[in-house]
Protein chains: 2
Amino acid sequence: MSRALLSVLWQTGVMSAPRTARERARAELTGEIKAAARRQLETSGAESLSLRAISRELGMVSSALYRYFPSRDELLTALVIDAYDALGEAAESAAQKEYPHPREAWVAVYAAVRDWARANPHEYALIYGSPITGYQAPQTTVQPAARVPMVLLNILSQAHAEGWLPEVEAPEPSGRLAEQVDTIAPLAPGVPRPMLLRLVIAWTQLFGMISFELFGQLVGSMDPADDFFLETSRQMAKYVGIS
Amino acid sequence: MSRALLSVLWQTGVMSAPRTARERARAELTGEIKAAARRQLETSGAESLSLRAISRELGMVSSALYRYFPSRDELLTALVIDAYDALGEAAESAAQKEYPHPREAWVAVYAAVRDWARANPHEYALIYGSPITGYQAPQTTVQPAARVPMVLLNILSQAHAEGWLPEVEAPEPSGRLAEQVDTIAPLAPGVPRPMLLRLVIAWTQLFGMISFELFGQLVGSMDPADDFFLETSRQMAKYVGIS
DNA sequence: GGTTTGCGAGAGCAGTGCTCTCTGTTGTGA
DNA sequence: TCACAACAGAGAGCACTGCTCTCGCAAACC
């Protein structure tokens, strides 16, 4: 197996436990670079993330960083994936607990997503703010980005299986919209299409609400947003049929 | 009246029609700078907006730009305000038309906001994406930012006045949330508090949905988003009580 | 043990925001 | 009318950025 392939397999997380000392050092340094970048992200923002500052912090020369990340954008991509994974992790672990009612699971996931966003506002902005200029999010980010909506889908699907989804009158999607809803239908077997559509609506609402809170759009109306957020999460649970 | 004050009054739009030739030239150049900046914004993004590139385009030296905008952030602030105003303008003019039913006004405003966002994605990202690093949006942006929600409030309030708001069962906000809802209540006289709360929810949903579409978050599910957007705008109209 | 591969250092390029100083012009109050 | 103040642009310069290239050295492999 070639060195390059090994490196790819390891970087993508397919393989773990680097074998040679060099690979071990590389893994460690890659992690340290990302950690320093994340630390820098906390104080400044994404667009003022400086490779030179990172290299200074790690006591190396800036050009050496390019052995680990071919460009600033690649480093940002790595941070993006890590952020999606951290957020997905938070949502999943909130959903894994036991709840007497799916509504509470739903509300808990909402709260977990918000808490993570408030604790890591710059990382949140990195993934849900404006896309970084001239940089197309690679396909690698799609799967980790889907973790939060997957958690919501699972709650809904499980609620349906347990008979928590009563009949709610909601318009049946038609035409192309029905097709689009059908592409996600296999992920939540049994859930009626109107409720799947509403789940997408709720999903966009969730992140719109968090973005508004973090980006200061709620100042003057719903800030601080704790009560607003809690009440909204309950209403949205009902909106998608959980009651 | 001092020169500096005059300049402020003019820049903020309180005064129009500059009097002296110098002021006329200044007004024109300020506009040209913003126009060039906007042009540059279209191709690149906010964070790669370069004062030097603008000055090159206008055939002047970069330091001369600082006679008009004390810093890059100030220029961005001016662009932010212009963007809010352009978007507010679009929403307001959509709402001013005559509609047989407030639902259609609501849907039309949704569409106008989305159309503007899709036509000016970088300006949209400037105001609804991640905030620019180390730069706090000044108070001047608050009022223009409120134009879109004001349009929605007006539709709701007018719908109530015309008797289009039937009794819908929705939870009454309590505690601090009720207080917060009450701060916006005078802007939409007569509208029940539960519906005001839902309007805020719909507002956050609208921009969450548009951001998701523009920032590529809907790829793989609801992209292209035309049908999804239309259906959602209808459901949200109903959600806030318009039916 | 020789050869390939990976790694860090250093210099350098083209670009950035911003400041300071200088010269010329425009507007204004005495 | 005329001196003085305010303003405008040019140019040099500072400290910084991402990124490239070359050069030695050390680790890994055959």
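Numbers restart at 1 for each chain; the letters A, B, ... are given by sequence-line order, proteins then strands. Keep in mind that this is a model prediction, so the values were computed, not measured.
- In this structure, Ala37(A) and Ile54(A) approach most closely via the heavy-atom pair CB-CD1, 3.7 Å.
- The base of dG18(D) sits within donor-acceptor range of the side chain of Arg52(A), with an N or O pair under 3.5 Å.
- A straight line from CD of Glu28(A) to C1' of dG8(C) spans 17 Å, rounded to a whole angstrom.
- Of all nucleotides listed (dG8(C), dA27(D), dT16(C)), dT16(C) comes nearest to the side chain of Ala53(B).
- Closest to the side chain of Leu29(B), out of dC19(D), dA28(D), dG9(D), is dG9(D).
- In this structure, Arg67(B) places its CZ atom 8 Å from P of dG9(D), rounding to the nearest Å.
- Between Met236(B) and Ile201(A), the closest side-chain pair of non-hydrogen atoms falls below 4.5 Å.
- Distances shorter than 4.0 Å separate none of the side-chain N or O atoms of Arg22(B) from OP1 or OP2 on dG24(C).
- Side-chain proximity of Ser62(B) to the nucleotides dT17(D), dG8(C), dC18(C) is greatest for dC18(C).
- Among the heavy atoms of the strands lying under 4.0 Å from Leu49(B) are primed sugar atoms or P, OP1, OP2 only; no base atom is included.
- Distance CG (Leu51(A)) to C1' (dT20(D)): 13 Å, rounded to an integer number of Å.
- Summarising the geometry, the separation between CG on Leu58(A) and P on dA9(C) is reported as 11 Å, rounded to the nearest angstrom.
- The listed nucleotides are dA9(C), dA28(D), dC19(D); the one nearest the side chain of Thr20(A) is dA28(D).
- Between Ile33(A) atom CD1 and dG8(C) atom P the separation is 8 Å, expressed in whole Å.
- Side-chain N/O atoms of Ser63(B) and base N/O atoms of dG11(D) include a donor-acceptor pair closer than 3.5 Å.
- The side chain of Tyr68(B) contributes no N or O atom lying less than 4.0 Å from OP1 or OP2 of dC7(D).
- Distance Tyr66(A) OH to dC19(D) P: 4 Å, rounded to the nearest Å.
- Within the 4.0 Å cut-off from OP1 or OP2 of dG17(C), at least one side-chain nitrogen or oxygen of Ser50(B) is found.
- One atom, CD of Glu23(B), and another, C1' of dT26(C), lie 11 Å apart when rounded to the nearest Å.
- No donor-acceptor pair closer than 3.5 Å links the side chain of Ser48(B) to the backbone N or O of Ser44(B).
- Contacts of Ala25(A) with the nucleic acid, taken as non-hydrogen atoms under 4.0 Å apart, are absent.
- Counting heavy atoms of neighbouring residues, nucleotides and ligands inside a 6.0 Å radius, atom CD of Gln143(A) does not exceed 12 of them.
- Leu65(A) has its CG atom 13 Å from the P atom of dC7(C), to the nearest Å.
- Between Phe212(A) and Tyr128(B), the ring planes lie parallel to each other; the angle is under 30°, not in the 30° to 60° tilted range.
- OP1 or OP2 of dT16(C) sits under 4.0 Å from a side-chain N or O of Arg56(B).
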